[in-house]
K.L.:
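Dumping the structure here so I can ask a few things about it.
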Amino acid sequence: MAAVTADQTTQGTAGTAEEAEAAHLATFDAAVAADDRIEPRDWMPEAYRASLVRQMAQHAHSEIIGMQPEANWISRAPSLRRKAILMAKVQDEAGHGLYLYSAAETLGTSREELLDKLHAGRQRYSSIFNYPTLTWADVGAIGWLVDGAAITNQVPLCRCSYGPYARAMVRICKEESFHQRQGYELLLALSHGTPAQHEMAQDAVNRWWWPSLMMFGPPDDASAHSAQSMAWKIKRHSNDELRRRFVDICVPQAQVLGLSLPDPDIRWNEKLGQHDYGAIDWTEFQEVLKGNGPCNEQRLTQRRKAHEEGAWVRDAAAAYADKHSARPGTAGAAAQPVEATA
Ligand SMILES: CC(C)(COP(=O)(O)OP(=O)(O)OC[C@H]1O[C@@H](n2cnc3c(N)ncnc32)[C@H](O)[C@@H]1OP(=O)(O)O)[C@@H](O)C(=O)NCCC(=O)NCCSC(=O)Cc1ccccc1
C-alpha cells in the first residue's frame, strides 16, 4: 500500500492531530476500497489492529491446540505409512501456528503475550478441538471435514486486506489441501474395507459433521464481528455463506466415499442453486465456547503442561542467540562492550 507510514504521521503535518488522523483514515479507507494490502508500517485504525490480533491469535491458538486430538493417534497408527503421514500433518499444524504468531507480531503483540492469554483462558481457539478422537477413523474425519472446513474458510483469507496474514494463509492453505486429501483417502480405504471398518468410518463422520459446521462461527444474525470485518476486508464472506459452501462441497464427496452425512434435512435447493441443511445445535456451540465441551479442560491443561516443559528449550535457544550475537564479526558484537585483555 502506498500509504502514509506511522513514522511519517508526525512529520510535516501542518493541521491539527484530528486533521492528520482524518487524512490517514481516508488513505486507509481508499487502500481497502482499492483492494490494496495494508502492511505493518502503514497507519491503521486501532480497532482494525485489535480485530486482526483477535482473529489471528485465535487462529494461531487453534493450530497448536489442534495438534492434540490427532497426536493422540500417532503411536497407534495402523501402518508405518499412515504414521509417517500423520506425524507430518501434526508437525505442519505446529508450523501454521508459528507463521500466524509471527504474522501477529507484525501488529506489535509478542508471541509470549498471546500464549499467556491462551493459557489464562483469555483468548479463544476453535470449538472443534474440544471433541475427543475415539477411533482411528477420527483421524480421517478430521482430515476430510475439519481441514476441509478450514480450507473453505481460509482460502478467502488469502485475500485478506492485511498483507502478512494474507501471505501466511497462502502457504497454510496449500498444506491444508494435502491434509484434507489424506483424511479423505483414509476414510475411502476404511469405507471400502471390512464391514467393521466401514461402520467405524460412518461413526466418525456422524460425530464430526455437526461440530465441523460450527467451525464457521455463529449464524450471520448473531455474528458480532462479521459486518465490520467484512467492511475492512479481513473476512470476505459471511459465516453462513461459507458454511453453505462447505455443505455443497461435502455432499458429492460423501457419495463417492459411500458414507452418509448425519442430516436428513440436506436437500438441493433449486432456487438457491445450493443445498439446504438441518438446524445446528447452537446451545452446544455456546456451551463449548464457555468451556463446557467434552475436552476443553484436557486441551488447556495439556497445552499449559507442554509450555512449561518446553521452558528449557526456549531458555537454551535464547542463550544460544545471545552467545551467537556476542561473537566477533556478528552484528550483535558491535554493541557488546569489549573486555580489556592483559
Ligand atoms: C469465522 C471465524 C472463526 C469467526 O468469525 P468472527 O467474525 O471472528 O467472529 P463472530 O462474530 O462470527 O463470532 C463471535 C464470537 O464467537 C467466536 N467464535 C466464532 N466461531 C468460533 C468457533 N468455531 N470456535 C470458537 N470461537 C468461535 C468468535 O471468535 C467471537 O468471539 P470473540 O468476540 O473473539 O471473543 C473467524 O474468526 C475466522 O475466520 N478465523 C480464522 C480461521 C480460524 O480461526 N480457524 C480455526 C481453525 S484452524 C484449523 O482448523 C486447522 C487445523 C485443522 C486440523 C487440525 C489442526 C488445525
Side-chain angles (χ1 to χ4, degrees), residues 50-73 86 88-97 99-100 103-104 117-118 121-131 133 138-160 162 165-166 168-169 172-173 175-180 182-183 208 210-232 234-243 245-246 280 282 284-291 293 296 299:
S51 201
L52 277 169
V53 169
R54 179 188 64 78
Q55 177 167 327
M56 289 162 70
Q58 189 180 116
H59 194 165
H61 299 332
S62 303
E63 299 283 358
I64 60 165
I65 295 256
M67 296 166 72
Q68 293 184 34
E70 289 169 283
N72 180 36
W73 281 92
L86 185 55
K89 179 190 190 289
V90 172
Q91 280 184 338
D92 282 352
E93 308 299 0
H96 297 173
Y99 308 153
L100 289 165
K117 285 187 175 155
L118 169 67
R122 286 168 52 215
Q123 280 180 342
R124 299 185 191 283
Y125 59 89
S126 181
S127 51
I128 193 75
F129 301 117
N130 293 305
Y131 292 85
T133 42
D138 288 22
V139 171
I142 290 180
W144 179 40
L145 296 174
V146 176
D147 286 281
I151 296 168
T152 309
N153 170 269
Q154 289 167 199
V155 165
L157 291 176
C158 298
R159 293 188 296 117
C160 165
Y162 187 57
Y165 191 28
M169 291 319 305
I172 290 176
C173 284
E175 293 175 355
E176 298 291 23
S177 298
F178 154 70
H179 297 168
Q180 193 268 357
Q182 69 82 35
W208 288 92
W210 292 105
S212 298
L213 292 188
M214 295 175 194
M215 286 175 72
F216 295 92
D220 290 350
D221 56 12
S223 167
H225 304 293
S226 279
Q228 183 60 75
S229 282
M230 286 169 71
W232 277 328
I234 294 174
K235 279 166 82 161
R236 293 285 182 158
H237 304 280
S238 77
N239 298 356
D240 286 332
E241 264 172 11
L242 293 174
R243 190 168 11 246
R245 187 179 291 180
F246 176 65
I280 294 173
W282 291 115
E284 175 181 323
F285 175 73
Q286 290 303 340
E287 282 303 309
V288 175
L289 258 59
K290 277 190 231 156
N296 292 59
R299 301 292 184 236

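Indexing begins at 1, ligand by ligand and atom by atom, following the structure's order. Values below: every heavy atom of this structure, side chains too, minus hydrogens, waters and symmetry copies.
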K.L.:
Against heavy atoms of G66, which atoms of ligand 1 measure under 4.0 Å?
P.N.:
55 (C), 56 (C)
K.L.:
Which is it for F285 and ligand 1 at heavy atoms under 4.0 Å: side chain, backbone, both or neither?
P.N.:
side chain
K.L.:
With side chains defined as the heavy atoms from C-beta onward, is the minimum distance between I128 and W208 less than 4.5 Å?
P.N.:
yes
K.L.:
Below 4.0 angstrom from a heavy atom of R54, which ligand 1 atoms are there? Numbered from 1 as shown, please.
P.N.:
8 (O), 29 (O), 34 (O)
K.L.:
For a 4.5 angstrom cut-off between non-hydrogen side-chain atoms, does F285 reach I280?
P.N.:
no
K.L.:
Protein heavy atoms near atom 2 (C) of ligand 1, is at least one of them under 4.0 angstrom away?
P.N.:
no
K.L.:
Keeping the roles fixed (side chain from S226, backbone from D220), state whether a donor-acceptor pair exists under 3.5 Å.
P.N.:
no
K.L.:
Nearest to atom 6 (P) of ligand 1, what protein heavy atom do you find, and at what distance?
P.N.:
K235 NZ, 3.5 Å
K.L.:
Run the numbers on I172 and L100 for side-chain contact (heavy atoms from CB on, under 4.5 Å), then give the verdict.
P.N.:
CA-CA 9 Å; I172 290 176; L100 289 165; 3.9 Å; yes
K.L.:
I need the nearest protein heavy-atom contact for atom 56 (C) of ligand 1: residue, atom name and distance, please.
P.N.:
E93 CD, 3.3 Å
K.L.:
Only heavy atoms of N239, strictly under 4.0 Å: list the atoms of ligand 1 that pass.
P.N.:
1 (C), 12 (O)
K.L.:
Hey, is Q55 touching ligand 1 through its side chain, its backbone, both or neither, going by heavy atoms under 4.0 Å?
P.N.:
side chain
K.L.:
Within the 4.0 Å heavy-atom shell around S62, which atoms of ligand 1 are there?
P.N.:
46 (C), 47 (C)
K.L.:
Any heavy-atom pair between the side chains of V53 and K117 that's under 4.5 Å?
P.N.:
no
K.L.:
List every atom of ligand 1 that sits less than 4.0 Å from any heavy atom of F216, numbering the atoms from 1 in the order shown and giving each element.
P.N.:
1 (C)
K.L.:
Please classify the Q154 to ligand 1 contact at 4.0 Å (heavy-atom distances, strictly less than): side chain, backbone, both or neither.
P.N.:
side chain
K.L.:
Would E176 count as a contact of ligand 1 if the rule is a heavy atom under 4.0 Å away?
P.N.:
yes
K.L.:
Which heavy atom in I234 sits nearest to a heavy atom in Q55, and how many Å separate them?
P.N.:
CG2-OE1, 3.8 Å
K.L.:
So that I can tick it off, tell me whether K89 and D92 are bridged by a salt bridge, with the cut-off set at under 4.0 angstrom between side-chain N and carboxylate O.
P.N.:
no
K.L.:
If you measure every N or O of R124 against every N or O of ligand 1, does any of those distances drop under 3.5 Å?
P.N.:
yes
K.L.:
Does ligand 1 have any atom that is closer than 4.0 Å to a heavy atom of S229?
P.N.:
no
K.L.:
Under the side-chain hydrogen bond (donor to acceptor under 3.5 Å, both in side chains) test against H96, which residue among Q91, H59, E175 passes?
P.N.:
E175
K.L.:
Return yes if some donor-acceptor pair links the side-chain N/O of R299 with the main-chain N/O of Y131 below 3.5 Å, else return no.
P.N.:
yes
K.L.:
Between Q182 and H179, do the side chains contain an N or O donor and an N or O acceptor separated by less than 3.5 Å?
P.N.:
no
K.L.:
How close do R54 and S229 get, heavy atom to heavy atom, and via which atoms?
P.N.:
NH2-OG, 4.4 Å
K.L.:
Just heavy atoms, cut-off under 4.0 Å: does F129 contact ligand 1 by side chain, backbone, both, or neither?
P.N.:
side chain
K.L.:
Is there a polar contact between ligand 1 and H225, counting only N or O atoms under 3.5 Å apart?
P.N.:
yes
K.L.:
When rounded to the nearest 0.5 angstrom, what distance separates SG in C158 from OH in Y165?
P.N.:
10.0 Å
K.L.:
Relative to ligand 1, is N153 under 4.0 angstrom through side chain, backbone, both or neither, heavy atoms considered?
P.N.:
side chain
K.L.:
Treating N296 as the side-chain partner and N130 as the backbone partner, does any N or O pair qualify as donor plus acceptor under 3.5 Å?
P.N.:
no
K.L.:
Taking only residues two or more places apart in sequence or in another chain, which ones pass ring pair (Phe, Tyr, Trp, His ring centres under 6.0 Å) with F246?
P.N.:
W209, F216
K.L.:
Any idea which atoms of ligand 1 are less than 4.0 Å away from a heavy-atom of G217?
P.N.:
19 (C), 20 (N)
K.L.:
Give, for atom CD1 of I65 and atom CD of Q58, the distance between the pair rounded to the nearest 0.5 Å.
P.N.:
12.0 Å
K.L.:
Between ligand 1 and M56, can you find any atom pair, the residue atom being a heavy atom, that is separated by under 4.0 Å?
P.N.:
no
K.L.:
Would you please test D147 and E93 for side-chain contact (heavy atoms from CB on, under 4.5 Å) and show each step?
P.N.:
CA-CA 11 Å; D147 286 281; E93 308 299 0; 3.6 Å; yes
K.L.:
Using heavy-atom distances, let me know which of S238, P218, G97 sits nearest atom 14 (C) of ligand 1.
P.N.:
P218
K.L.:
For residues P156 and L242, report the shortest heavy-atom separation together with the two atoms involved.
P.N.:
CG-CD2, 4.1 Å
K.L.:
Hey, is M214 touching ligand 1 through its side chain, its backbone, both or neither, going by heavy atoms under 4.0 Å?
P.N.:
backbone
K.L.:
So is E63 polar-close to ligand 1, meaning N/O to N/O under 3.5 Å?
P.N.:
no
K.L.:
Where is the nearest protein heavy atom to atom 49 (C) of ligand 1: which residue, which atom, and how far?
P.N.:
A150 CB, 3.8 Å
K.L.:
Below 3.5 Å, N or O to N or O, backbone or side chain included: is there any such pair between S223 and ligand 1?
P.N.:
yes
K.L.:
Drop me the distance from T152's OG1 to R245's CZ, to the nearest 0.5 angstrom.
P.N.:
8.0 Å
K.L.:
Under 4.0 Å from any heavy atom of E70, which atoms of ligand 1 are there?
P.N.:
55 (C)
K.L.:
Could you tell me whether I128 approaches ligand 1 through its side chain, its backbone, both or neither, with non-hydrogen atoms closer than 4.0 Å?
P.N.:
neither
K.L.:
Pairs of nitrogen or oxygen atoms closer than 3.5 Å, one from K89 and one from ligand 1: do any exist?
P.N.:
no
K.L.:
Output yes when the distance from some N or O of ligand 1 to some N or O of Q58 is under 3.5 Å, and no in every other case.
P.N.:
yes
K.L.:
Would you say ligand 1 has an N or O under 3.5 Å from any N or O of Y165?
P.N.:
no
K.L.:
Where on L289 is there a heavy atom closer than 4.0 Å to ligand 1, on the side chain, on the backbone, on both, or on neither?
P.N.:
side chain
K.L.:
Taking all atoms of both residues into account, what is the closest heavy-atom pair of S126 and S62, and its distance?
P.N.:
N-OG, 2.9 Å
K.L.:
Checking the N or O distance criterion of under 3.5 Å, is ligand 1 in contact with L157?
P.N.:
no
K.L.:
Heavy-atom contacts under 4.0 Å between M215 and ligand 1: side chain, backbone, both, or neither?
P.N.:
both
K.L.:
Suppose we measure from atom 24 (N) of ligand 1 to each protein heavy atom; which comes out shortest, and what is that distance?
P.N.:
S127 N, 2.8 Å
K.L.:
What protein heavy atom sits nearest atom 53 (C) of ligand 1, and how far off is it?
P.N.:
D147 OD1, 3.3 Å
